[in-house]
Amino acid sequence: MKKIPLWLWIMAGLVLGIAWGLIAVSANLQSFTTDYIKPWGRIFVNLLKLIAIPLIFLSLVNGISSLGDITKLGKLGLKTVGIYIGTTIFAVSLGLLLANTIGPGRSFPQDVKEKLELAYAGQAETSQNVATDVVSRGPLSFLEDMVPDNIFSAMSTNSAMLQVILFSVLFGMALLKIDPLKKTSVIKTIDAFNEVILKLVGLIMYFAPLGVFALIGGMITDVAGKDSSSILSLFSALAWYMMTVVIGLFFLILVVYPLLVFVFNRKKFPLFFKAAYPAQLLAFSTSSSAATLPVTMDCCETKLKISPSVSRFVLPVGATINMDGTSLYQAVATIFIAQAFGTELSFTAQITIILTATLASIGSAAVPGAGLIMLVMVLQSVGLSVQGISLILAVDRILDMFRTVVNVTGDMTVATILDRHTKEIGV
Ligand code: ASP
C-alpha cells in the first residue's frame, strides 16, 4: 500500500480541527477543548520553538562558513537585506492603495464602533503599554537592542532573535579568519550538529497532524468565545476590512511572488508552490514564522534544491526581519481605523505609514500577534488614537494566520531569487 504523505496527514489535521472547533462551539465543549485539546497545540509549537535558536545559530554559521570569504558574505548580506526592504515597501504601498480604493472603514457603523471600543479597551491598552516601551526610547535604541551583553541570556529567550543573528554572523565571520586547520574542525562539528537539528525537525513533524488539529480547533473556540452569534455579527461588520487585508495578501502570494520567481529564477518556477505548501500550511496553523522556520528551510533545501549557503543565511534573517504580510496588514489597518474615526490622512501621512510600517514589520517578533503590537507605533506616527486597535482586535487572530503564510512565502521567494544569483555573488 502506498504511504500517505505527511502533508496529507497535516491537511487532515487542519480539516478535522475546523470540524472539531465548530462542533465544540455549538455543543458547548469549550472547556473540554481548553483542558484536553489545546495543550497538544501548545506542545507542538513549543517543540518547534525549542529548536529555533540552535537552528538559527547553527545554520547561519554553517551558511557563512560555506561561503568561504567575507566579501561574499557582504555581497549576499547586502542583496538579501536590500530585497527584503524592497518587497516590504511594495507590500505596504499595496496595502495603502487597496485600503484607499476600497475604503473599508468609510461606512463603518457608529454603534458597532462604540461597542467594540468598550469591549476591547483593556486589551488595546495592554498592547499600547508594550509598544510604548519600545517606542519611547531614543532613535538609535533599535541598534542598541541588537547587541547582546550576554549571548547566553539572549539565546535563552525567543524574543531576542536579532541578537542571536548578530552573534551568529560575527561568529561566522571570525570563524572564516582563523587558522585553516582549526577552522575545518569547527566547521565539521557545526555541520554535524546542524544535521542533528534537521533530523530533529523531521521527528517533530510526525507530531504535526495532531498539533495542527489542536491549534485550529482551539483557535476556533477562542475566537467564537461564549457567544458565537455575536462573533458572526462582528465578522459581518468587519467584513470589508478583513476582505481588504486578505485581497492584498492573496495578491502577494498569487501574483507578486510567482512573478518574481518567474522573472528571476524561471527554472525553479514550476516547483515553487509544490515545495512551499508544507511551510505555508504550518505558518497558517502556528501563526509564527519562527516556529515555521525549520520546515521552511527543509522545503527550500530538499524540495526546491536551493543552495544551503543561500538558504541558511537568507531564511533565518528573513523569518526575523522580512514580514510583507504584516506590513501590508498594518497599512490597511491604519487606513481603516482613520476612516472609521473620520480622519483624513494627508499624502505626507501616507508616506509616513510606508516608513513606519516597514520599520514596524522589521521590529515585529516572528510570533503570533506581534504585528498587532507594533501597529501601535504606526498609528502613533500619524497621530491616530491607539484605542483604534480595539476595532480590529476581534478578528486579528484569524488575519494573523493569513499574514504569517505571506511572511514565510516572501522569505522563500527571496531565497529562490538569490539562489539564481549565487554565481554573481560568488557563492
Ligand atoms: N505572526 C506573524 C509572524 O510570525 C507576525 C505578526 O504579523 O503578528 O510572522
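Remember, it's 1-based here, ligands and their atoms both numbered in the order they're listed. Along the sequence shown, residues carry numbers from 1.
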Gln380 side-chain N/O to Val386 backbone N/O, donor-acceptor pair under 3.5 Å: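 Answer holds: no.
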Aromatic plane relationship, Phe269 with Phe262 - under 30° parallel, 30 to 60° tilted, over 60° perpendicular: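 Perpendicular: the ring planes of Phe262 and Phe269 meet at over 60°.
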Proximity winner for atom 2 (C) of ligand 1, if only heavy atoms of Leu372, Leu293, Thr404 are counted: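 Ranked by closest heavy atom to atom 2 (C) of ligand 1, first place is Thr404.
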Atoms of ligand 1 less than 4.0 Å from [X] heavy atoms?
X      : result
Asn407 : 2 (C), 3 (C), 9 (O)
Ser288 : 4 (O)
Thr326 : 5 (C), 6 (C), 7 (O)
Ala366 : 4 (O)
Gly369 : 8 (O)

Exercise: do Thr404 and Asp400 side chains pair donor with acceptor under 3.5 Å: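 Yes.
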From CG (Leu67) to OG (Ser307), nearest 0.5 Å: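 One finds 8.0 Å between CG of Leu67 and OG of Ser307.
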Protein residue, atom and distance nearest to atom 3 (C) of ligand 1, heavy-atom basis: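 Nearest protein contact, heavy atoms only, for atom 3 (C) of ligand 1 is Ser289 OG, 3.2 Å.
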Crowding at OH, Tyr36 (>12 non-hydrogen neighbours, <6.0 Å):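 No - once you tally the heavy atoms of other residues, nucleotides and ligands closer than 6.0 Å, there are 12 at most.
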Sub-3.5 Å N/O-N/O distance, [X] and ligand 1:
X      : answer
Val367 : yes
Gly371 : yes
Ala290 : no

Check ion pair Lys268-Asp419 (N to O, under 4.0 angstrom):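 Salt bridge between Lys268 and Asp419, a charged N being under 4.0 Å from a carboxylate O: yes.
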Between Phe402 and Tyr329, ring centroids under 6.0 Å: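 Centroid separation for Phe402 and Tyr329: 6.0 Å or greater.
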Phe171 ring center near Phe57 ring center (under 6.0 Å):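 Here the rings of Phe57 and Phe171 have centres that are less than 6.0 Å from each other.
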Close approach, Ser364 and ligand 1, non-hydrogen under 4.0 angstrom: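 Per 4.0 Å heavy-atom rule, Ser364 does not contact ligand 1.
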